There are 2 protein chains.
Amino acid sequence: MKKADINSTEIARLAGVSRSTVSRVINNYSNVPAETREKVLKVIQQYNYFPNVSAQVLAGKRARTIGLFLIEQGNVSGDMLTNMLIVSVIEHASEHGYYVLTHIIRDAKDTEMIKNVKEIFFQRRIDGGIFIGAASHEPFIEELIDEGFVIGIVDQTLSDHPEPNRIVSKYNNDSGMKQAVAYLAGLGHARIGVINGDMNRLSGQTKYEGYQTAMRMCGLQVNPNWVLDGDFHENSGYMAIQKLISQEADLPTAIIAANDSVAFGAIRALKEHNLRVPEDLSIIGFDDHAMSEKHHPALTTIRVDFSDMLKRMTTYLITKIEQKTLDTKEITVDCSLVVRESCRRI
Amino acid sequence: MKKADINSTEIARLAGVSRSTVSRVINNYSNVPAETREKVLKVIQQYNYFPNVSAQVLAGKRARTIGLFLIEQGNVSGDMLTNMLIVSVIEHASEHGYYVLTHIIRDAKDTEMIKNVKEIFFQRRIDGGIFIGAASHEPFIEELIDEGFVIGIVDQTLSDHPEPNRIVSKYNNDSGMKQAVAYLAGLGHARIGVINGDMNRLSGQTKYEGYQTAMRMCGLQVNPNWVLDGDFHENSGYMAIQKLISQEADLPTAIIAANDSVAFGAIRALKEHNLRVPEDLSIIGFDDHAMSEKHHPALTTIRVDFSDMLKRMTTYLITKIEQKTLDTKEITVDCSLVVRESCRRI
DNA sequence: CTGAAAGCGCTTACAG
DNA sequence: CTGAAAGCGCTTACAG
């Protein structure tokens with residue numbers, strides 16, 4: 001009530017200097033003698049003074065805030081991965097003295113919602129933003145990039161003429177799928193199906209392509225009836241299996257799911273049909289979701305180091321915001337097989 | 001690059017009015033004729049203009065941002081509950097047109113970290129804040145309240161002379177513990193132990209007190225050797241059981257854990273000693289963690305509706321920020337038993 | 001109904 | 001080394 005009302009004029013008066021000097025001390029200007037500096041700092045300390053951030057921003061400083069935008073229709077809360085992503089960004093931003101404003105976009109097609117997102121940038125609430133879960137091509141994000149905002153996009157590749165304000169991270173899904181197929185092939189599987197992710201997202205496509213390539217490399221046939229639609233959500237895995245079982249007499253011996261959530265859904269559906277994993281059918285997931293280890297059966301999956309990716313993305317974003325660099329940034333994320341209990345030898 | 005540079009002066013010029021009028025339109029003043037209003041709105045639309053939020057705040061408007069502070073030493077990312085809490089606050093704040101700045105406090109004893117938290121308030125980055133995971137009495141939070149900031153604290157009760165800027169939510173842990181003990185008693189258990197939570201937090205105390213009361217009410221004896229220390233984290237459940245088994249020949253037939261994470265840890269330890277749940281020992285958790293249903297065995301627990309609590313807390317906080325009310329706010333959260341598979345009849 | 005002007009709390013050339 | 005002054009982009013009494 002009292003201390004909160006202190007401003008730089010007041011500090012200047014109390015320290016017997018001008019506001020200019022107070023500002024110089026706060027901003028660590030070199031041309032302030034140690035003595036003056038100490039004097040001012042003492043008053044600042046004593047009165048618990050913190051410069052008003054709006055005034056600072058208006059005068060040209062950065063907001064030191066980045067936006068984190070999650071494009072996710074389902075209940076974000078249900079997914080541990082999302083949690084990890086949020087916390088990961090917050091913690092790494094914090095290390096650089098930045099804050100994170102998190103925003104959830106339920107529907108990237110809703111004009112109102114998009115306007116709201118743009119507003120956050122144009123209002124200058126944030127110095128830059130990270131998008132997670134976007135489609136391969138999302139017009140409003142492109143618009144933001146055209147406006148010059150510094151933007152990081154997870155799961156995207158750089159074009160031939162990348163803008164300097166675009167940062168991108170891509171998963172090595174090709175490698176992941178090759179490992180999955182190789183492992184299954186090694187266990188003796190030849191009848192391998194796949195439940196796809198959202199094909200509007202880069203990972204949806206690249207995972208499917210990776211699957212096809214890997215199958216070919218291993219000399220295995222892709223049975224189109226075992227290529228199932230999905231969208232990265234648990235329920236789509238469930239539905240995919242329901243549909244497969246109701247329509248196909250001839251089942252695969254193994255299925256690779258676009259991610260672990262999808263795998264969980266698939267296993268749930270299999271259980272309902274009294275099919276056991278891995279006894280009757282082997283399942284491999286993707287991501288290494290926090291739940292996968294605890295799952296019953298423990299899920300064999302392709303681990304992706306999201307935390308490290310987000311750390312790098314956050315750091316690059318902040319570096320770009322502070323204009324220390326103008327080079328283009330494309331982060332590549334490797335993935336590796338984690339063997340657990342959801343696949344068996346045949 | 002271009003549109004982003006538009007300001008109210010420019011809009012005024014383009015619409016042929018003064019900045020005052022532009023501002024009146026933006027802030028929905030009633031004394032602007034529909035015609036003028038439309039004219040200005042059209043230009044605003046056309047140029048994709050959004051008022052600079054720092055300027056607005058500096059001129060006296062609210063930042064429309066609330067802080068969410070999670071006091072959590074362990075890896076926040078590992079806990080689904082935390083995720084739900086974060087997302088819950090974000091979504092409800094969003095409904096009121098507010099943004100959320102999330103901040104993680106790893107150590108509430110670290111002076112630097114506390115200073116950082118205070119800074120967020122004093123800098124006027126946020127209009128108010130919610131604290132989750134705080135100790136029963138946290139000096140720096142009290143200081144913030146003394147300064148007049150609007151603050152919501154989860155897991156706290158109101159004192160006799162509550163400040164109007166303090167909002168509090170408390171769990172009905174007494175009821176929860178009574179239900180847990182009653183259920184176990186009903187199954188024939190008389191030898192019931194408990195793994196406590198963090199006794200520095202209100203819930204840690206009230207859960208333990210509830211356990212004692214409930215045992216007395218059911219005419220059951222509390223064996224001090226079966227009252228185990230914990231801190232709400234998974235590992236403390238594990239450690240508690242390790243210690244119990246190594247020191248006690250005489251084991252309880254049922255244990256109530258301070259929360260589900262602790263229960264998971266306890267079950268993990270029991271498994272390592274080849275003790276089965278519920279065959280050899282019954283376990284009840286607390287919270288109904290997202291994982292509890294999927295856990296093996298599915299965990300019988302006391303469900304707490306965190307999402308609803310946070311919804312109310314967020315709404316109250318924003319209402320208070322907008323000074324629509326001056327009355328005191330204490331949110332009470334009920335809880336109820338969810339029977340699954342971790343307890344057996346004896 | 002509407003504009004000119006003061007003010008919000010900073011930062012940073014500018015001048016000395 | 002340091003202060004006076006302009007300026008950042010808004011809002012809101014004030015006066016008409």
Side-chain angles (χ1 to χ4, degrees), chain A residues 3-41 43-44 47-65 119-127 322, chain B residues 3-41 43-44 47-65 119-127 322:
Chain A
K3 288 192 258 167
D5 292 342
I6 285 279
N7 59 22
S8 75
T9 308
E10 203 61 7
I11 296 291
R13 198 178 54 72
L14 290 159
V17 297
S18 72
R19 293 159 68 214
S20 314
T21 301
V22 172
S23 182
R24 286 191 191 100
V25 169
I26 288 168
N27 293 293
N28 277 311
Y29 275 45
S30 55
N31 55 355
V32 181
E35 200 182 348
T36 312
R37 192 181 158 66
E38 291 314 320
K39 187 173 58 181
V40 174
L41 239 27
V43 179
I44 288 178
Y47 285 82
N48 226 300
Y49 166 71
F50 295 96
N52 181 305
V53 75
S54 294
Q56 288 187 120
V57 172
L58 200 54
K61 305 240 97 167
R62 273 175 219 105
R64 299 191 79 82
T65 306
E119 185 175 27
I120 297 174
F121 283 89
F122 283 105
Q123 284 184 325
R124 302 282 155 181
R125 274 184 189 274
I126 55 180
D127 304 314
E322 308 200 325
Chain B
K3 288 194 260 170
D5 292 342
I6 284 280
N7 59 21
S8 76
T9 308
E10 202 62 7
I11 296 291
R13 197 178 55 71
L14 289 159
V17 296
S18 72
R19 291 159 69 214
S20 314
T21 300
V22 171
S23 183
R24 288 193 190 98
V25 169
I26 287 168
N27 292 293
N28 277 312
Y29 276 45
S30 54
N31 56 354
V32 181
E35 198 182 349
T36 311
R37 194 184 157 65
E38 292 313 321
K39 187 173 59 182
V40 174
L41 239 28
V43 178
I44 287 179
Y47 285 82
N48 226 299
Y49 166 70
F50 295 97
N52 180 305
V53 76
S54 294
Q56 288 187 121
V57 172
L58 200 54
K61 306 242 94 166
R62 273 175 218 104
R64 298 191 80 81
T65 305
E119 185 174 29
I120 297 175
F121 282 89
F122 284 106
Q123 283 185 325
R124 302 283 155 180
R125 275 184 189 274
I126 55 179
D127 303 313
E322 309 199 324

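Within every chain, numbering begins at 1; the chains are lettered A, B, ... in the order of the sequence lines, protein sequences first and strands thereafter. These numbers come from a predicted model, not from an experiment.
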Set out, line by line, the N/O atom pairs under 3.5 Å between protein and nucleotides 14-16 of chain C.
none

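- Put simply, CD1 on A:I11 is 12 Å from P on C:dT11, counting in whole angstrom units.
- The structure places OH of B:Y47 at 4.5 Å from CG of B:L14, a figure rounded to the nearest 0.5 Å.
- Rounded to a whole Å, the CD atom of A:E35 is 11 Å from the P atom of D:dC1.
- For DNA chain C, if you chain together Watson-Crick or G-U pairs that step i with j, i+1 with j-1 and so on, the runs of at least three with distances under 3.5 Å are C:1-3 with D:14-16, C:5-12 with D:5-12, C:14-16 with D:1-3.
- As rounded to whole Å, 12 Å separates atom P of D:dT11 from atom CG of B:N7.
- Taking atom CG on A:N52 and atom C1' on C:dT11, their separation rounds to 13 Å, with Å as the unit.
- Taking CZ from B:R124 and CG from B:L58, the interatomic distance works out to 12.0 Å, rounded to the nearest 0.5 Å.
- Residue B:N31 places its side chain closer to C:dT2 than to any other of C:dC10, D:dT2, C:dT2.
- Atom pair B:K61:NZ and D:dC10:P shows a separation of 13 Å (rounding to whole Å applied).
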Test salt bridge (charged side-chain N to carboxylate O under 4.0 Å, His left out) on B:R64 and B:E322 and set out the steps. CA-CA 10 Å; B:R64 298 191 80 81; B:E322 309 199 324; 3.7 Å; yes
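- Note: OH (A:Y49) to P (C:dG9) measures 10 Å, nearest angstrom.
- Between the P atom of C:dG9 and the CG atom of A:L58 lies a distance of 12 Å, rounded to the nearest Å.
- With hydrogens and angles ignored, the 3.5 Å screen pairs a side-chain donor or acceptor of A:N52 with a backbone N or O of A:S54.
- Toward the 5′ end of DNA chain D lies the nearest nucleotide of B:S54, the other residue of the pair B:Y29 and B:S54 mapping further downstream.
- Looking at A:N7, its side chain does come within 3.5 Å of a backbone N or O of A:T9 through a donor-acceptor pair.
- Note: CG (A:N27) to P (D:dT2) measures 16 Å, nearest angstrom.
- Shortest non-hydrogen contact noted between A:V22 and A:S8 is CG2-O, 4.2 Å.
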Chi angles and distances behind the side chain to side chain contact (heavy atoms under 4.5 Å, CB included) call for B:K39, B:V17: CA-CA 9 Å; B:K39 187 173 59 182; B:V17 296; 4.1 Å; yes
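- Rounded to the nearest 0.5 Å, atoms CD1 (A:I126) and CD1 (A:I120) are 6.0 Å apart.
- Between A:R37 and A:L41 there is a side-chain heavy-atom pair separated by less than 4.5 Å.
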Might you work through the side chain to side chain donor-acceptor pair (under 3.5 Å) test for B:R24 and B:T36, ending with a clear yes or no? CA-CA 11 Å; B:R24 288 193 190 98; B:T36 311; over 6 Å; no
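- In this structure, of C:dC10, C:dT2, D:dC10, it is C:dT2 that holds the atom nearest to the side chain of B:T21.
- Here the side chains of A:Y49 and A:I26 are in contact, with some heavy-atom distance below 4.5 Å.
- The backbone N or O of B:A63 sits less than 3.5 Å from a side-chain atom of B:T65, completing a donor-acceptor pair.
- The stretch residues 12-20 of chain B touches DNA chain D through B:R19, B:S20, each having a heavy atom under 4.0 angstrom from the strand.
- Checking the phosphate oxygens (OP1, OP2) of C:dT2, a side-chain nitrogen or oxygen of B:T36 falls inside 4.0 Å.
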